[in-house]
Amino acid sequence: MSHGLNPEQQEAVQTLTGPMLVLAGAGSGKTRVVTFRIANLIRHGTRADRILAVTFTNKAAKEMRERITKMIGPKRRPPRGATAPPAPVIGTFHSNCVQILRRHARKLGYPERFAIYDRSDQESTAREVLRQLRVHTGMLKPAEFLSHVSRWKNAGVRFDQAHELARTDAEHVAASGYRRYQQAIKLCGAMDFDDLLLSTEQLFREFDEVRVAEAGRFDHVLVDEYQDTNQSQYAIICALAGTHRNLCVVGDDDQSIYGWRGAEVRHILSFSKDWPDAKIVRLEANYRSTTAILEVANRLIGFNKTRHDKVLKPARAGGTPPRILQFKNEVEEARGITDEIRKVLERRQHEPRDFAILFRTNEQPRVFETELRKAQIPYSLVGSQSFFDRKEVRDLLCYLRIVDNPLDEVSLLRIINVPQRGIGAKSVEALLTHAVSQAKTVWEIFSDKVFVRGLPEPAQRGIERLQLLSARCQNKLTQPEAALAGVLRELVYDLDYMAALERMYPQADEAQARQASVEEVINALAEYEADAKSPSLAGFLDDVTLAGKEFGSPKDKEQQRNAVSLMTYHSAKGLEFPFVYMVGMEEGILPHRRSLAENYDDVEEERRLCYVGVTRAQDELTLCLPLQRMKWGRPQDTFASRFLYEMTGQADNPNRRRSIDSARKQVAASTRAAAKKSAAKSSKKS
DNA sequence: CTGATTGACGTTTTT
DNA sequence: CGTCAATCAG
């Protein structure tokens with residue numbers, strides 16, 4: 001055991017009891033240490049299923065599970081029907097909280113089958129709440145409203161306290177909405193992502209017997225990416241590990257990039273205050289990147305004030321110094337990088353999966369997508385717009401959610417007239433007003449015969465059909481041996497959904513693509529059904545909400561296995577690539593203008609974001625700067641990111657703006673020349 | 001009730 | 001330049 005580990009790593013792996021803080025720098029083999037440690041615990045007699053490991057993403061959890069199975073799992077596949085050997089419990093905070101809450105939801109006044117609302121459900125609810133308050137979207141947008149509410153929730157501010165903290169007009173409106181929002185989702189028997197953590201915390205606080213029971217399931221708790229834990233997550237950790245104190249947290253304060261979500265670097269900076277007997281292990285050797293890259297990384301992060309002092313020590317000598325490339329604009333940037341990648345690929349030394357293009361905002365990759373597609377280079381856009389965000393997929397899932405839980409108002413409102421069944425805006429409005437006045441959900445109002453008879457004739461029939469549809473599905477589900485995928489297939493048939501899609505999308509190819517998505521949902525459900533231990537509609541929906549991004553068609557999966565990665569710095573955390581391109585290194589983007597506005601702390605977080613990007617690179621790092629960027633149809637000049645100057649040791653350069661200006665002048669000249677040329681061409685033609 | 005057109009407006013990251 | 005909400009004519 002512990003072969004190939006350095007002394008620090010060995011200490012982290014072999015000290016098995018008591019609290020421990022592992023300060024793991026980027027590329028220090030952190031993941032390896034965590035998995036070795038779990039394996040070691042099992043070898044020393046801990047039952048595997050009494051170990052809880054909390055990861056940041058579902059993807060990380062999946063990878064960790066696979067690694068551990070490889071290390072300690074049976075050499076041969078156990079015969080069919082044999083009981084599976086105990087395995088460690090590995091998952092995100094959110095998925096673990098759902099497990100716990102499913103067992104005790106009643107205690108908190110939620111139905112056993114409470115729904116989980118994702119971002120899009122939250123936005124719909126927010127929109128509805130703001131509409132009821134007659135707030136103009138110009139004054140407070142749903143997304144902004146949600147960010148206020150989320151901040152309050154994470155800070156432990158209840159909806160009756162928010163008004164005291166509100167300063168601006170928008171915040172006061174948000175405070176009024178907060179109450180309604182919370183009541184609305186509670187009425188639907190739903191929790192949003194924040195609620196999952198807060199409710200768990202509340203559950204442990206108010207019902208000690210529950211806390212004792214849940215904590216008693218484990219003898220060891222490990223937390224990865226500890227720098228990104230927020231207040232409630234920390235409380236949950238303490239509740240679970242407080243008794244046995246076998247708590248191992250692993251993280252890097254320099255990679256704390258979720259402050260906006262309530263993560264507190266404070267937790268990792270002061271761990272030893274709360275756990276005075278904690279052993280602290282520092283992993284500073286970096287096995288990932290070349291010396292040339294690490295020099296830049298160290299120089300950059302040195303500009304941050306609030307941090308544990310540590311320096312990444314390179315294990316790989318030499319290397320190519322990072323390059324800084326300037327392009328005329330963001331289209332040229334995409335074209336230039338695509339070209340470079342294509343050339344490297346043609347030499348057959350590297351594969352598409354060796355490349356990553358990192359950016360700050362989700363709007364940036366659009367240009368890259370078109371260029372990569374043109375060059376026929378396979379790419380995968382990580383994160384945004386997953387399969388389950390497609391309209392038709394989402395609609396179908398809403399049907400399933402209503403079948404599972406008819407009180408789920410957000411889902412109902414989404415598909416109440418999709419495909420169209422005569423329940424127009426007026427009728428919906430009437431239903432909603434009545435529902436609110438009765439403190440009931442719309443689904444319950446459906447059964448209010450007197451009220452429904454007052455609605456237009458087509459609406460009445462639509463409601464009846466909807467009720468019938470749901471009842472039929474529920475009926476099928478109660479039958480023994482009912483296949484979930486089969487029920488869904490019949491639902492699609494009953495809805496005549498495929499034909500409806502053709503009507504909704506007149507273009508044949510688009511309609512076909514959407515119909516294919518429907519097939520894929522059915523496949524995904526079938527796949528879930530085949531894999532899950534005890535499959536249920538509810539379980540499938542939970543998985544989709546919490547880990548939706550890992551689903552997808554087999555074709556997509558196959559294609560994405562070896563593709564250039566396009567992702568944000570946030571989703572790049574924990575990953576590594578031989579070639580990394582950091583794109584759009586401009587003031588206003590990285591650091592983002594929003595974080596520049598107010599305080600200094602936010603710039604430090606942006607710097608950490610940049611640091612995360614730099615430390616993803618194994619062999620070659622390229623920093624890119626478009627000198628102009630299209631904004632609202634007009635090209636606008638950019639300024640080079642201050643981080644570029646910091647990384648290159650020019651932070652104090654008083655002329656840094658001028659030097660960029662001169663570069664811009666050159667580009668402007670060449671642009672003018674190009675414009676003249678094309679003008680000449682077109683005049684020749686005519 | 002539905003489908004088409006017009007107008008305003010746009011500052012980030014995600015479990 | 002795109003997106004989405006509000007508005008209007010069938």
Side-chain angles (χ1 to χ4, degrees), chain A residues 54-61 91-98 116-120 122-123 127 130-131 136-138 141-144 146-147 150 154 191-197 225 228-230 232-233 256-263 330-331 358-364 366-367 382-386 389 417-429 455-459 462 503-504 506 542 545-550 567-573 584 587-598 602 605-606 608-610 612-613 629-636:
Chain A
V54 184
T55 57
F56 191 73
T57 62
N58 286 294
K59 198 172 150 208
T92 61
F93 270 105
H94 293 265
S95 64
N96 280 305
C97 286
V98 170
I116 303 167
Y117 276 5
D118 68 9
R119 183 73 207 175
S120 146
Q122 288 182 48
E123 271 181 25
R127 190 160 291 131
L130 294 176
R131 205 183 60 85
H136 223 274
T137 47
K141 272 169 299 190
E144 256 171 279
L146 285 173
S147 88
S150 177
N154 279 311
M191 296 195 205
D192 64 17
F193 279 116
D194 293 324
D195 290 338
L196 291 178
L197 302 175
E225 307 288 7
D228 290 318
T229 32
N230 66 25
S232 23
Q233 288 167 332
S256 164
I257 53 177
Y258 282 90
W260 50 275
R261 221 172 67 185
E330 79 274 18
V331 178
L358 307 182
F359 39 83
R360 176 72 233 264
T361 71
N362 279 317
E363 169 218 41
Q364 284 171 270
R366 300 174 77 116
V367 221
V382 180
S384 73
Q385 262 209 358
S386 76
D389 284 338
N417 203 27
V418 179
Q420 287 164 349
R421 53 170 72 81
I423 312 175
K426 263 266 176 63
S427 304
V428 173
E429 172 86 48
L455 294 172
E457 180 76 10
R503 252 178 289 127
M504 280 188 271
D542 279 1
T545 315
L546 292 169
K549 280 172 191 132
E550 278 101 72
M567 60 179 115
T568 62
Y569 297 109
H570 285 90
S571 18
K573 191 175 70 167
E587 284 291 296
I589 292 204
L590 187 71
H592 196 272
R593 54 172 65 75
R594 187 136 183 171
S595 63
L596 293 172
E598 279 127 80
D602 286 355
E605 180 150 316
E606 296 289 302
R608 291 193 289 264
L609 215 41
C610 187
V612 166
R629 177 175 293 276
M630 277 300 229
K631 219 168 183 196
W632 308 328
R634 305 241 128 245
Q636 290 213 316

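- Contact annotation for A:Tyr258: backbone-only contact, meaning every heavy-atom pair under 4.0 Å involves sugar-phosphate atoms and none involves a base.
- Rounded to whole Å, the distance from CG on A:Asp228 to P on B:dT14 is 13 Å.
- At least one side-chain nitrogen or oxygen of A:Asn362 sits closer than 4.0 Å to the OP1 or OP2 atom of B:dT14.
- Atom CZ in A:Arg629 sits about 14 Å away from atom P in B:dT11, given to the nearest Å.
- Taking a cutoff of 4.0 Å between a charged side-chain nitrogen and a carboxylate oxygen, A:Arg593 and A:Glu587 do not qualify as a salt bridge.
- No hydrogens or angles were tested; on distance alone, nothing pairs the side chain of A:Arg594 with the base of B:dT11 as donor and acceptor under 3.5 Å.
- You'll find that the side chain of A:Trp260 is closest to B:dT14, out of B:dG10, B:dT15, B:dT14.
- For the pair A:Glu363 CD and C:dT3 P, the computed distance is 11 Å after rounding to whole Å.
- If you check C:dC1, B:dT2, B:dT12 against the side chain of A:Gln420, the one that comes closest is B:dT2.
- Here A:Arg366 lies in heavy-atom contact (under 4.0 Å) with sugar-phosphate atoms only.
- Counting non-hydrogen atoms under 4.0 angstrom, A:Phe93 reaches nothing in the nucleic acid.
- We find that A:Glu330 and A:Lys631 are not joined by a salt bridge, their nearest charged nitrogen and carboxylate oxygen being 4.0 Å or further apart.
- Across all strands, A:Ser95 comes closer than 4.0 Å to no nucleic acid atom at all (heavy-atom distances).
- Environment of CD in A:Gln636: crowded, with over 12 heavy atoms of neighbouring residues, nucleotides or ligands closer than 6.0 Å.
- Where A:Thr361 and A:Ile423 meet DNA chain B, the nucleotide closest to each residue was compared, and A:Ile423 sits on the side nearer the 5' end.
- Atom NE2 in A:His592 sits about 15 Å away from atom C1' in B:dT14, given to the nearest Å.
- Looking at heavy-atom distances under 4.0 Å, A:Asn417 makes contact with sugar-phosphate atoms alone, never a base.
- As judged by a 4.0 angstrom heavy-atom cut-off over every strand, A:Arg421 is placed among residues making no nucleic acid contact.
- Distance, A:Arg360 CZ to B:dT11 P: 14 Å, rounded to whole Å.
- For the P atoms, the distance linking B:dT13 with C:dC4 amounts to 14 Å, nearest Å.
- A straight line from CD1 of A:Ile589 to P of B:dT11 spans 12 Å, rounded to a whole angstrom.
- The side chain of A:Ser427 approaches B:dC1 more closely than any other nucleotide in the set B:dT13, B:dT14, B:dC1.
- Comparing A:Gly422 and A:Thr92 against DNA chain B, the residue whose closest nucleotide sits nearer the 5' end is A:Gly422.
- Put simply, CD1 on A:Ile257 is 11 Å from P on B:dT15, counting in whole angstrom units.
- Comparing C:dA5, B:dT13, B:dT11 by their nearest atom to the side chain of A:Thr568 picks out B:dT13.
- At least one donor-acceptor pair under 3.5 Å links the side chain of A:Asn417 to the backbone N or O of A:Ile423.
- As judged by a 4.0 angstrom heavy-atom cut-off over every strand, A:Lys426 is placed among residues touching the sugar-phosphate backbone only.
- Look at A:Trp632 and the base of C:dC1; the rings do not stack under the cut-offs of 5.5 Å between centres and 30° between planes.
- Nucleotide B:dC9 holds its C1' atom 13 Å from the CD atom of A:Glu144, rounded to whole Å.
- At a threshold of 4.0 angstrom between heavy atoms, the contacts of A:Arg119 include nucleobase atoms, whether or not backbone atoms are also involved.
- Classification of A:Asp228 and A:Lys573 as a salt-bridged pair holds, one side-chain N sitting under 4.0 Å from a carboxylate O.
- Relative ring orientation between A:Phe56 and A:Tyr258 is described as tilted, the plane-to-plane angle lying within the 30° to 60° band.
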